[in-house]
Amino acid sequence: MSRQMARPGGRSARVQASVHAAVRELTSEVGRDALTVPMIAQRAGVTPSTIYRRWGDLQELMSDVAVERLRPDTAPKDLGDLVSDLTAWAEQFFDEMASPAGRAYIRDALLGDPDGSNAGQCSAYAAEQIDVILTRATERGENTPDTETVVDRVVAPLMYRILFRPDGLDASYARRLVATAVTPSHRGSPPTA
């Protein structure tokens with residue numbers, strides 16, 4: 001929901017931080033399926049009505065927590081050239097998203113997202129990271145595809161396979177996607193897994 005996208009300050013920020021922390025702690029202690037709003041509220045030191053007022057329901061809260069957990073916490077590695085940088089990023093993205101925790105965060109982010117704003121935020125995180133990589137490469141004088149091309153040819157097929165066809169999927173698929181996205185002679189055909 002758009003009301004969760006803004007970074008609140010003051011008490012609102014403290015409430016968000018304590019509720020998010022409570023969700024993460026309780027998820028590791030009792031499992032995601034056992035969580036309830038009253039349980040989270042008690043752990044966070046707030047009333048259940050605070051959670052309902054801010055997030056609406058448990059699903060939207062879980063979605064908000066998931067979007068925050070999917071936010072990259074570091075800039076992409078700078079290994080000196082476009083292919084190396086983008087490959088390292090795509091492998092890390094694959095590892096994080098294909099992990100059981102990553103898949104659960106993706107599911108939660110989308111389940112509590114009736115208007116698509118959380119999906120858009122998650123997409124923006126990937127695009128921001130790709131922009132950093134492409135800007136560095138451009139500054140080095142490398143010929144680069146645009147961000148949307150990388151999203152379409154690397155991120156989109158990775159996410160599709162992670163969510164719907166994960167059998168036999170590994171980081172080599174991410175490497176092949178990057179190679180076809182940045183190699184001019186291969187830019188028209190995505191690889192098979």
Side-chain angles (χ1 to χ4, degrees), residues 1-29 31-32 35 40 43-44 54-55 59-113 116-139 144 147-148 150-151 154-159 161-163 166 169-171 173-175 177-178 181:
M1 290 281 159
S2 59
R3 67 180 179 265
Q4 290 115 9
M5 300 312 272
R7 290 264 176 198
R11 181 183 184 281
S12 185
R14 287 189 302 275
V15 167
Q16 179 178 345
S18 66
V19 169
H20 279 218
V23 168
R24 290 190 305 272
E25 291 165 8
L26 288 166
T27 298
S28 68
E29 291 170 20
R32 192 252 181 260
L35 293 182
I40 294 165
R43 176 66 63 97
R54 181 172 176 112
W55 287 280
Q59 197 168 18
E60 288 186 34
L61 170 58
M62 296 304 291
S63 185
D64 190 44
V65 171
V67 169
E68 186 63 30
R69 297 298 289 175
L70 291 169
R71 176 190 303 270
D73 54 4
T74 59
K77 293 177 185 174
D78 186 351
L79 301 173
D81 67 87
L82 174 61
V83 173
S84 297
D85 291 355
L86 196 54
T87 299
W89 178 83
E91 287 175 341
Q92 180 179 355
F93 181 84
F94 168 78
D95 288 343
E96 291 171 0
M97 296 299 125
S99 71
R103 290 171 54 90
Y105 288 134
I106 294 166
R107 181 193 70 225
D108 283 341
L110 298 177
L111 280 175
D113 189 28
S117 61
N118 288 345
Q121 186 59 54
C122 292
S123 178
Y125 294 155
E128 289 165 8
Q129 296 268 295
I130 293 164
D131 283 343
V132 168
I133 292 167
L134 297 179
T135 298
R136 287 179 191 157
T138 300
E139 289 169 355
T144 64
T147 299
E148 288 305 308
V150 176
V151 168
V154 178
V155 178
L158 266 178
M159 288 302 293
R161 290 295 307 271
I162 288 166
L163 292 173
L169 194 60
D170 62 25
Y173 182 63
R175 289 190 292 274
L177 288 170
V178 169

Nearest 0.5 Å please: distance from the NE2 atom of His20 over to the CD1 atom of Ile40.
10.0 Å
I need the Tyr105 OH to Glu68 CD distance, nearest 0.5 Å.
11.0 Å
Answer whether the closest heavy-atom distance between the side chains of [X] and [Y] falls below 4.5 Å.
X      : Y      : result
Leu163 : Arg107 : no
Leu134 : Leu82  : yes
Gln92  : Pro72  : no
Met159 : Ile106 : yes
Val178 : Trp89  : no
Ile133 : Val150 : no
Trp55  : Val19  : yes
Leu111 : Met62  : no

So salt bridge (charged side-chain N to carboxylate O under 4.0 Å, His left out) across residues 79-91, not counting sequence neighbours, yields Asp85-Arg140, Glu91-Arg175
List for me each residue that meets side-chain hydrogen bond (donor to acceptor under 3.5 Å, both in side chains) alongside Glu139, sequence neighbours excluded, and say none if there are none.
none
Sorted by chain and number, sequence neighbours left out, side-chain hydrogen bond (donor to acceptor under 3.5 Å, both in side chains) with Glu128 holds for none
Under the criterion side chain to side chain contact (heavy atoms under 4.5 Å, CB included), I'd like the reasoning laid out for Val155 against Ile130: C-alpha separation, chi angles, the key distance, then a yes or no.
CA-CA 10 Å; Val155 178; Ile130 293 164; 3.7 Å; yes
Taking Ser63 for its side chain and Gln59 for its backbone only, find out whether a donor-acceptor pair lies under 3.5 Å.
no
Main-chain N/O of Ala101 paired with Glu96 side-chain donor or acceptor, under 3.5 Å
no
Work out which heavy atom in Ser99 is nearest to a heavy atom in Gly102; give both atom names and the distance.
OG-N, 2.9 Å
Where do Ala75 and Arg136 come nearest, in terms of heavy atoms and distance?
CB-NH2, 4.1 Å
Tell me, with the steps shown, if Arg43 and Glu29 meet salt bridge (charged side-chain N to carboxylate O under 4.0 Å, His left out).
CA-CA 12 Å; Arg43 176 66 63 97; Glu29 291 170 20; 2.8 Å; yes
Side-chain ion pair, Asp108 and Arg69, N-O less than 4.0 Å:
no
